[in-house]
Number of protein chains: 2
Amino acid sequence: MTRATAQETVLGSLRSDILTGRLGPGDQVVQELLAERYGVSRVPIREALKTLESEGQVVYFPHRGYFVAELSVADLLEVYRLRAILEAEAIRQAVPTLGLDDVEALAELMAEIESAAAQGDIIAMTAANRRFHFALFDAAGLPRLSRILHQLWEATDAYRALYFQGAENRDRVAREHARMLSALRKRDAEALVRLHDEHREHSVGAVSAILAARDR
Amino acid sequence: MTRATAQETVLGSLRSDILTGRLGPGDQVVQELLAERYGVSRVPIREALKTLESEGQVVYFPHRGYFVAELSVADLLEVYRLRAILEAEAIRQAVPTLGLDDVEALAELMAEIESAAAQGDIIAMTAANRRFHFALFDAAGLPRLSRILHQLWEATDAYRALYFQGAENRDRVAREHARMLSALRKRDAEALVRLHDEHREHSVGAVSAILAARDR
DNA sequence: ATCCGACAGATTGGATCCAATCCACCGACT
DNA sequence: AGTCGGTGGATTGGATCCAATCTGTCGGAT
């Protein structure tokens, strides 16, 4: 067993700190503090932060440090606009290649989301939700596209957890996923793209409401 | 005047080393070597490499190091496919917003490309070429889209220089740019998208020929 | 009252050192 | 011949230390 490097584990911890709001948008990321929290020196912290910087999760000002990125409404709309374009491309490419077993794997992932939702475990739910969507995107066999989509999703991570806190949002997500799965079983790519678009629209609406409330 | 940090200057140097082939695709990037070459310690090198990693310019294997990314033909086609989708979006968004002065600025940039080409300065030419295209893309006012496009362009940097070495390629690029500019003057976004597509097609053809020759 | 510069604490940037890991080589054994 | 295990050099990963920069505060001058 080859142990993970500290920068990798730190990267994961940082992501979850941002996801859970322990590090909130706009906060300065003080390296010394994190070094102590994670029990490592500042070097691996800095490398992990560089990775997050290029994903747009944090912003960097030389000699001042790293700050958790704040999403403006314009940013948010741009992220969702780009996701709409790129996810449609991924879905159209992926659907024809999916076998029966792939569809069943997706059904399995969907069940995972719901079971996490039932237990009210938001962290597990966002993780399962991501696996569900990316299982579909990854099936397109376009690794760069997957990577870009990952970056776009991560940009809104800090806000997605808030979205899932609303029980009515969780229910709607479950219903929408079920409809997506049935379109998938029919191999109807266009219907799936359309459902995906609606799914995304609902989420952008809710998240921008959260954003607007926060800015006030 | 605030001096640039070492990691920034190193990042620039690394980019140009990759662009010029001093660091060729597949080469291991030995940190100690670069530290000596640039007169800094390994720390800023590592941070610059992390940035390049997330752009896909280098790949990283824990405990083994960084290697200059090699582009497969499939990668190349994917990059161009994504560029086609995203650049079309940028152009459609940008064209209606362009004022007379913006168009003149673009004409100016085009002249820069040609003057660099006339002097056979490939480095200056690729730089001017990029400024020309991105002046257009950036005008869309979608910063994330610009950033993604930057990453996609950088992924093929190592090969673009080779493309411009052919005099016939340089001439064709100049002709195509001129036609793009005249579509722009008419504010004909659709024509511009079409010309851009052709422009890109020519380049992907030439670059994949280079790639194929290289792999043999 | 406002602006300006000096100073102090906090934080980041970078250099150096040591530990952990990898890898190529080599000899022994099957 | 081929495989296995060990060994040494090379390279990366991380910790610690010091220098450089930033930021807020406090006097003092205007």
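Convention: sequence-line order gives letters A, B, ...; per-chain numbering from 1.
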(request) Would you mind checking if A:Lys50 and A:Glu47 are paired as a salt bridge, meaning a charged N to carboxylate O distance below 4.0 Å? (result) no
(request) Could you tell me how the ring of A:His199 sits relative to the ring of A:His133: parallel (under 30°), tilted (30 to 60°) or perpendicular (over 60°)? (result) parallel
(request) Taking only Lys NZ, Arg NE, NH1 and NH2, and the carboxylate oxygens of Asp or Glu, determine whether A:Arg147 and B:Glu78 approach each other closer than 4.0 Å. (result) no
(request) Sequence neighbours left out, what pairs pass ring pair (Phe, Tyr, Trp, His ring centres under 6.0 Å) with at least one residue falling in residues 29-52 of chain A? (result) none
(request) Tell me, please, which residues at least two apart from B:Arg83 pass salt bridge (Lys or Arg N to Asp or Glu O under 4.0 Å). (result) B:Glu87
(request) Would you mind reading off the distance between A:Ile45 atom CD1 and C:dT11 atom C1', rounded to a whole angstrom? (result) 14 Å
Tabulate atom names and distances for all N/O pairs under 3.5 angstrom spanning the protein and nucleotides 12-18 of chain C.
| from | atom 1 | to | atom 2 | distance (Å) |
| --- | --- | --- | --- | --- |
| C:dT12 | OP1 | A:Val29 | O | 3.1 |
| C:dT12 | OP2 | A:Gln31 | N | 3.3 |
| C:dG13 | OP1 | A:Tyr60 | OH | 2.3 |
| C:dG13 | OP1 | A:His63 | N | 3.3 |
| C:dG13 | N7 | A:Arg42 | NH2 | 3.0 |
| C:dG14 | OP1 | B:Ala6 | N | 2.3 |
| C:dG14 | OP2 | B:Gln7 | NE2 | 3.3 |
| C:dG14 | N7 | A:Arg46 | NH1 | 3.1 |
| C:dG14 | N7 | A:Arg46 | NH2 | 3.3 |
| C:dA15 | OP2 | B:Ser41 | N | 2.6 |
| C:dA15 | OP2 | B:Ser41 | OG | 2.7 |

